[in-house]
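These numbers come from a predicted model, not from an experiment. Numbering starts at 1 and runs along the sequence shown.
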Amino acid sequence: MSSQPRIFLESHHLKNQCTGFGQFNYWLIKKLSEQNKDYKLIVNAKKREYLSDFKDVTYHRYFPVSRYKPFRTWKKYELWHSLNQNTKTEPRFNIPYLLTIHDVILMEQHNPSRDDKSWIHINEKIERSNMITYISEYAKKTTNHYFDIPSHIEQKVIYNGNPVEALPAIKNIKTEVDINKPFLFSIGQFMERKNFHVLLPMMEKLKDYNLVLAGNNNKEYGEMVKQQIEKYNLQDRVFLVGKISEEEKHYYLQNCAAFVFPSLFEGFGLPPIEAMAYGKPIFMSNKTSLSEIGGDDAFYWDNFDPESMLKVFENGMNAVSENKAAWESKLITRAKSFNWDKTAAEYLEVYDRILRNS
């Protein structure tokens, strides 16, 4: 083995940091590049400028054709790290291989047969792995439910970090939302599994608050949400603000009364942690990985009956109001426990372990 083993990071999701995959790729590689002393990191990306924030990494240009077996790279690496379960680019040779699994939501939603392409794709990645890392205990549990993990493959949970630090108060920003009235906030890709629509019947009963929902607007789901807003006569109290800037996101996080997140499927769940960084009360579904993220410092909806949701919300806000400073301190501390420096250090230890045993 050379003095600097080469680690290939399959990472072309860098182009879209509005997604969980993009955030994971960016922050993990950034922190790996800052801490790494022993390896040569080769980053697979479509454009060189995607690597501008990284220290001492080598650029490998991603070509779509490399997803097909005849066009796989002829270069051999000491370790290949597939940064999520959906990546299509693979090594040509049988070399040490690390797979990071974020979720198996497709399996949960559709329960495909073992003849289905989506199942076969992930299973092939599992079978070639020396080790599998997961971003949550829930991701590990569900992967082991849908796939037979060979006993020789080591499995480890490494939580993502939190890239958000609370900013000084943002002022003089123009938004379409009047924040003089208390409001709830949520953000995420606007799709059915985010379950935003269940908030609307609760909002009809929660007269003292507005609701701001941010995120890319899936046309079909967005139209359904708009129809529900009209059904409950919430046009003046629920605001769909679409895709927003980082500054706008921080502005809403700073000024909201609470953060709400009724999502049905999350491999990790970064938005609630971002809200915790500002000490905001968190109300989430108790589905998938979210209880790992919030722990005992968040409030959970066991079901989406409007009366039940309202009761959880009101009881939670009353509990917070009894000792607001203590709640804020707990939430900020929990947000800080998700740390990208720690995450990167754990991945470097994984690289060490795989290479020692290869």
For a 4.5 angstrom cut-off between non-hydrogen side-chain atoms, does [X] reach [Y]?
| X | Y | answer |
| --- | --- | --- |
| Val212 | Ile179 | no |
| Asn86 | Phe21 | yes |
| Leu41 | Leu32 | yes |
| Leu14 | Ile29 | yes |
| Val177 | Tyr252 | yes |
| Leu206 | Leu184 | yes |

Residues that Lys342 engages under salt bridge (Lys or Arg N to Asp or Glu O under 4.0 Å), provided they are two or more places apart: none
Linking Ile, Leu, Val, Met, Phe, Trp and Tyr through side-chain heavy atoms less than 4.5 Å apart, which residues share a cluster with Tyr138? none
Please go through Ile332's hydrophobic cluster and name the other residues, only I, L, V, M, F, W, Y counting, with side-chain heavy atoms under 4.5 Å joining them. none
Show me, pair by pair, the donor-acceptor contacts under 3.5 angstrom made by side chains of residues 42-49, not counting sequence neighbours?
unit_1	atom_1	unit_2	atom_2	d
Asn44	OD1	His60	ND1	3.0
Asn44	ND2	Glu10	OE1	2.9

More than 12 heavy atoms of other residues, nucleotides or ligands under 6.0 Å from CG of Asn318: is that the case? yes
Atom CG of residue position Asn357 - does it have more than 12 heavy atoms of other residues, nucleotides or ligands inside 6.0 Å? yes
Nearest 0.5 angstrom please: Ile101 CD1 to Thr133 OG1, how far? 8.0 Å
Measuring from His197:NE2 to Gln227:CD, what's the distance to the nearest 0.5 Å? 12.0 Å
Measure across [X] and [Y] and return the closest heavy-atom pair with its distance rounded to 0.1 Å.
| X | Y | value |
| --- | --- | --- |
| Met203 | Arg237 | O-NH2, 2.8 Å |
| Pro201 | Pro306 | CB-CG, 3.5 Å |
| Gly161 | Thr343 | N-OG1, 3.5 Å |
| Lys125 | Gln85 | CD-O, 3.4 Å |
| Ala344 | Gln35 | CB-NE2, 3.7 Å |
| Glu266 | Ser263 | OE2-OG, 2.7 Å |

Please list all pairs meeting ring-ring contact (aromatic ring centres under 6.0 Å, His included) that have one or both residues in residues 283-311, counting only residues at least two apart or in different chains. Phe283-Phe299, Phe283-Phe313, Phe299-Trp327
Could you pull out all residues at least two apart from His81 that satisfy side chain to side chain donor-acceptor pair (under 3.5 Å)? Thr100, Tyr351
Axial cation check for Tyr97 ring with Arg128, 6.0 Å and 45° limits: yes
Testing the 3.5 Å rule here: is there a donor-acceptor pair between the side chains of Ser245 and Glu248? yes
Donor on one side chain, acceptor on other, Asn160 and Gln23, under 3.5 Å: no
Please state whether the rings of Phe185 and Phe259 are parallel, tilted or perpendicular, taking 30° and 60° as the class boundaries. perpendicular
Return the orientation label for the Phe196 and Tyr221 ring planes: parallel under 30°, perpendicular over 60°, tilted otherwise. tilted
Could you go step by step and tell me if Glu307 and Lys205 meet the salt bridge (charged side-chain N to carboxylate O under 4.0 Å, His left out) rule? CA-CA 8 Å; Glu307 292 289 351; Lys205 302 174 183 300; 3.3 Å; yes
